[in-house]
Amino acid sequence: MRAADRAFFSRPVLEVAPELLGALISVGGVTVRLTEVEAYAGTRDPGSHAFRGPTPRTAVMFGPAGYLYVYFSYGMHWCANLVCGPDGEAGAVLMRAGEVVHGEDRARERRDAGRARPVPVRDLARGPARLTASLGLTGALDGVDLLRTDGPVRVEVPEQPARDVATGPRVGVSGPGGDGTTYPWRFWLPGEPTVSPYRAAVARRRATRA
DNA sequence: CTGCCGATCGCCT
DNA sequence: GGCGATCGGCAGC
């Protein structure tokens, strides 16, 4: 693992997204290892929040890479993206799912709250809103710099990108490209039990590296 | 495992 | 007025 730097995030989002698989995201003593992400390519991508140009909500996406974009979903959940791409691209990678590898107790305080039974360990961060809940990410952290070593969010990426990466349609994206044939920009680690269950796509494997 | 449904709100038409 | 980059509970196989 190595600390991500600005250059890592500043490459085209479709290049960065699969390389974030296996990355470690740490917030407040909880660490999640990413197993599933989705790429959103900015103003040229009908599925992206940035498609219709900047709004107060999406302002962070239009800034430099290496910042956190957090948005409020369905009136009750938070979802978090890592802003990626060269200046002006408004690209972002949605963190869809991961494995809690550190701080399970603290993640459980938030995930088990109000529930009769503990959440199965693999479900702690299995889904974009579950992942933010486990990490304690909310709109309060929208726009934070991911590269400040004294900041609230730390990102470490693998020295070597994952060799085996599956791709498929993005989840919950409809309209042009919604069938995934035009924008098969969901990336996950095949065989990982923490990959999110909703509308699971048929896996199509591809080698990212020889 | 799958499918249906309600919760709840910001942004769109 | 409608629809999400969602989730949890419940029913049914």
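Proteins come first, then strands; the chains are lettered A, B, ... in the order of their sequence lines, and each starts at number 1. What you see is a predicted model, and the numbers here were worked out from it, not measured in a lab.
- We find that CZ of A:Phe51 is positioned 15 Å from C1' of C:dA5, with the value rounded to whole Å.
- Side-chain contact between A:Glu109 and A:Glu104: absent, with no pair of heavy atoms (C-beta onward) separated by less than 4.5 Å.
- Distance, A:Met76 CE to C:dG9 C1': 13 Å, rounded to whole Å.
- When every heavy atom of A:Met61 is checked against every heavy atom of A:Ser48, the shortest pair comes out as CE-OG, 3.8 Å.
- Both tests do not hold together for A:Arg6 against A:Phe9: distance to the six-membered ring centre under 6.0 Å, angle to the ring axis within 45°.
- Residues A:Tyr69 and A:Tyr71 bring their aromatic ring centres within 6.0 Å.
- For the pair A:Arg130 CZ and C:dA5 P, the computed distance is 18 Å after rounding to whole Å.
- Taking atom CG of A:Leu137 as the reference point, atom P of C:dT6 lies 16 Å away to the nearest angstrom.
- We find that OH of A:Tyr74 is positioned 14 Å from C1' of C:dG8, with the value rounded to whole Å.
- One atom, CZ of A:Arg170, and another, C1' of C:dA5, lie 9 Å apart when rounded to the nearest Å.
- The residue from A:Arg126, A:Arg186, A:Arg170 that alone fulfils the salt bridge (Lys or Arg N to Asp or Glu O under 4.0 Å) condition with A:Glu36 is A:Arg186.
- Taking all atoms of both residues into account, the shortest heavy-atom contact from A:Arg122 to A:Thr194 is O-CG2, 3.6 Å.
- In this structure, A:His49 and A:Phe51 have side chains that are not in contact, with every pair of non-hydrogen atoms separated by 4.5 Å or more.
- In this structure, A:Arg126 does not reach the C:dC7 phosphate: none of its side-chain N or O atoms is under 4.0 Å from OP1 or OP2.
- A:Arg52 places its CZ atom 12 Å from the C1' atom of C:dC3, with the value rounded to the nearest Å.
- Stacking of A:Arg57 on the aromatic ring of A:Phe72 is not recorded, the 6.0 Å distance cut-off and the 45° axial limit not both being met.
- Taking the side chain as every heavy atom from C-beta outward, A:Trp188 and A:Arg96 never approach each other to under 4.5 Å.
- The phosphate of C:dA5 has neither OP1 nor OP2 within less than 4.0 Å of any side-chain N or O from A:Arg186.
- First and last contacts of DNA chain B with chain A, using any nucleotide atom under 4.0 Å from a protein heavy atom and ordered 5' to 3', fall at B:dC1 to B:dT13.
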Using Watson-Crick and G-U wobble pairs with both distances under 3.5 Å, what is the 5'-to-3' dot-bracket string of DNA chain C, with [ ] for crossing pairs and | for pairs outside the strand?
||||.|||||||.
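- Between the CZ atom of A:Arg117 and the P atom of C:dG9 there is a distance of 11 Å, given to the nearest Å.
- Taking atom C1' on both nucleotides, B:dG10 is separated from C:dG8 by 22 Å, rounded to a whole Å.
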